[in-house]
Amino acid sequence: DFYLIPRSGDSGNGGSSSDNNNGGNDDSGDDNNSTEEEDYSEAEVNTDLSNLDVNLVSCYRNGDNVELTYTLTNTSSYGNMNVTINNVNAFTQKTFISDNLGNQYNNKSVKISLGGNDWGYGNNIEGTLLTDIPSKCVITVKNVDKSAKYMTYYIYTSTALPGSVNYSADVILKNVKIH
């Protein structure tokens, strides 16, 4: 799967970044001719899940949607890791997504994909993380207020290694600037 993102103006992602990184793609050959720089220095990224590294790649507006891209990396030496990412659930409040204006987004507005697999709006997603190979995760939130400047994601995530019990905790991406 691939998609195109406009490089300038408000017709797509609200402008482009100075490195033209458009969604976290390799930008080693891109020219640096745009005006807005992607800066995620205010973002807090962490998790209490052992053997799992989280890396923020990008967060940008695409029309009325905001798309967050991050990677999960299995750092365990015990083999492949099974992972479940829970979507927003109104009853359990395990995964929680909001913007800096106080708007909360429910499961009908949130789509999560892992490693290119997309289960659609409102569904949990499961997959396997190979050891030391980052897996791309994308969270798309529909109809985000145009005045919102930051997003916060508490993503309830479960992991299991071969022969071990499941561990669950939040992957937290807090105060992520929307570009």
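- Between Asn166 and Ala160, the shortest heavy-atom contact is OD1-CB, 2.8 Å.
- The CG atom of Leu130 lies 11.0 Å from the CE atom of Met81; values are rounded to the nearest 0.5 Å.
- More than 12 heavy atoms of other shown residues, nucleotides or ligands fall within 6.0 angstrom of atom CG in Asn46.
- Within the model, atoms CD1 of Ile172 and OG1 of Thr157 stand 10.0 Å from one another, a figure rounded to the nearest 0.5 Å.
- Judged by distance alone, the side chain of Thr95 and the main-chain N or O of Tyr156 form a donor-acceptor pair under 3.5 Å.
- With a 4.5 Å cut-off on side-chain heavy atoms, Val54 and Leu72 count as touching.
- No side-chain donor-acceptor contact under 3.5 Å links Ser109 to the backbone of Val141.
- When all heavy atoms of Val110 and Asn87 are compared, the pair lying nearest together is O-ND2, 3.1 Å.
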- Would you check, one step at a time, whether the test side chain to side chain contact (heavy atoms under 4.5 Å, CB included) holds for Leu173 with Leu68? CA-CA 10 Å; Leu173 299 115; Leu68 171 84; 4.0 Å; yes
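- Between the side chain of Thr47 and the backbone N or O of Asp170 there is at least one donor-acceptor pair closer than 3.5 Å.
- Side-chain contact between Lys174 and Tyr154: present, with at least one pair of heavy atoms (C-beta onward) separated by less than 4.5 Å.
- Salt bridge Lys146/Asp64: present, at least one basic N to carboxylate O contact under 4.0 Å.
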- Message: Apply side chain to side chain contact (heavy atoms under 4.5 Å, CB included) to residues Asn103 and Val144 and explain how you reach the verdict.
- Response: CA-CA 8 Å; Asn103 298 313; Val144 174; over 6 Å; no
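- Note on residues 70-80: no pairs pass side chain to side chain donor-acceptor pair (under 3.5 Å), not counting sequence neighbours.
- Counting all heavy atoms, side chain and backbone alike, Ser135 lies closest to Thr128 at OG-O, 4.5 Å.
- The distance from the NZ atom of Lys136 to the OG atom of Ser113 is 7.5 Å, given to the nearest 0.5 Å.
- In this structure, Asp99 and Met151 approach most closely via the heavy-atom pair CB-SD, 3.6 Å.
- Applying the ring-ring contact (aromatic ring centres under 6.0 Å, His included) test to every pair with at least one member in residues 37-59, sequence neighbours left out, gives these pairs: Tyr40-His179.
- For Lys142 against Asn65, the heavy-atom pair with the smallest separation is CA-OD1, 3.2 Å.
- In this structure, Phe96 is not a member of the same hydrophobic cluster as Tyr150, with clusters built from ILVMFWY side-chain heavy atoms closer than 4.5 Å.
- Pairs engaging residues 114-135 under the salt bridge (Lys or Arg N to Asp or Glu O under 4.0 Å) rule: Lys111-Asp118 [sequence neighbours left out].
- Shown are Val88, Val138, Ile139; of these, the side chain to side chain contact (heavy atoms under 4.5 Å, CB included) with Ile112 is made only by Ile139.
- Here the side chains of Asn175 and Thr152 are in contact, with some heavy-atom distance below 4.5 Å.
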- Does the side-chain hydrogen bond (donor to acceptor under 3.5 Å, both in side chains) test come out yes or no for Tyr167 and Asp48, once each step is laid out? CA-CA 9 Å; Tyr167 295 96; Asp48 288 334; over 6 Å; no
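- By the 4.5 Å heavy-atom criterion applied to side chains, Tyr153 and Val171 are not counted as neighbours.
- For the 3.5 Å distance criterion, the side chains of Tyr105 and Asn143 fail to qualify, holding no donor opposite an acceptor.
- Within the 4.5 Å cutoff, the side chain of Leu129 has heavy atoms near those of the Leu52 side chain.
- Closest approach of Cys137 and Ile85 over heavy atoms only: SG-CD1, 4.0 Å.
- Atom-to-atom distance recorded for Tyr60:OH and Ile178:CD1 is 13.0 Å, nearest 0.5 angstrom.
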